[in-house]
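In what follows, a single structure is set out as structure tokens and then discussed.
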Amino acid sequence: MAEKNVTGFVKLQIPAGGANPAPPVGPALGAQGVNIMQFCQAFNAATQDKAGTIIPVEITVYEDKTFDFVLKTPPAAFLIKEKLGLKSGSGIPQIRKVGELSLDQLREIAEIKMPDLNANTIEAAMEIIAGTARSMGVNIEGREPKKEYVITRRLKAILDGEGAGAAE
């Protein structure tokens, strides 16, 4: 079999079993000339047992418009929110905390994400996931925040819901 020339590479995050020709799938693959329905059927068949989970997928498009795809593990933020039952992270993660992960929960998430992380040990993977958790406003059990934040007048107005751009 002759080696195929790669003409494109597409990365998407799609709900498991929920790929359809609507955006973002249709436009991203249509621009590459891929048969959208063929991809949707293959993706949905490969992910039907993971319903309700966001699955990152890397699609390699070849010169003859055929494709291969590789499924990745769900995003760390998705796994953290799922583990803690959160709807979203904090809008001001340094000040407003939305939950706390135990070390066991942190290890479970790190073990799930390990194949996709640039880490040699589970402890290194746990540190990567802990960083994601901190950026979402989630504390890690037994760890103190590294820095104390000063609440300025502008930040106080945002926290009180009075300032311009009070997102929460």
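Each residue takes its place number in the sequence, starting with 1.
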Could you state the interatomic distance from [atom1] ([X]) to [atom2] ([Y]), rounded to the nearest 0.5 Å?
X: T132; Y: I80; atom1: OG1; atom2: CD1; answer: 5.5 Å
X: Q32; Y: L29; atom1: CD; atom2: CG; answer: 8.0 Å
X: K11; Y: T60; atom1: NZ; atom2: OG1; answer: 10.5 Å
X: M126; Y: I140; atom1: CE; atom2: CD1; answer: 8.5 Å
X: N20; Y: Q41; atom1: CG; atom2: CD; answer: 12.0 Å
X: E123; Y: I128; atom1: CD; atom2: CD1; answer: 12.0 Å

- [ ] Using the side chain to side chain donor-acceptor pair (under 3.5 Å) rule, take T66 and D64 through it: C-alpha gap first, then chi angles, then the decisive distance, then the call.
- [x] CA-CA 6 Å; T66 58; D64 60 359; 2.6 Å; yes
Connected via hydrophobic side-chain network under 4.5 Å: [X] and [Y]:
X: F78; Y: F43; result: no
X: L79; Y: L103; result: yes
X: I54; Y: M136; result: yes
X: I129; Y: I55; result: no

Please find the pair of heavy atoms, one from [X] and one from [Y], that lie closest to each other, and give the distance.
X: M114; Y: A125; answer: SD-CB, 3.5 Å
X: P27; Y: P24; answer: CD-O, 3.7 Å
X: P56; Y: P74; answer: CD-CA, 3.9 Å

*Apply the test side chain to side chain contact (heavy atoms under 4.5 Å, CB included) to residues V138 and V98: give CA-CA distance (whole Å), side-chain angles for both, the deciding distance (0.1 Å), then the verdict.*
CA-CA 6 Å; V138 174; V98 293; 3.9 Å; yes
**Request:** Determine whether more than 12 heavy atoms belonging to other residues, nucleotides or ligands lie under 6.0 Å from atom CG of N118.
**Result:** no
Taking side chain as C-beta onward, heavy atoms only, is [X] less than 4.5 Å from [Y]?
X: V10; Y: F39; result: no
X: L101; Y: I109; result: yes
X: I122; Y: E111; result: yes
X: Q105; Y: L84; result: yes

Whether [X] side chain and [Y] backbone form a donor-acceptor pair below 3.5 Å:
X: N44; Y: A19; answer: yes
X: T121; Y: A124; answer: yes
X: K72; Y: P115; answer: no
X: N5; Y: E63; answer: no

task = Applying side chain to side chain contact (heavy atoms under 4.5 Å, CB included), run through V34 and I59 and close with a yes or a no.
result = CA-CA 10 Å; V34 171; I59 307 154; 5.5 Å; no
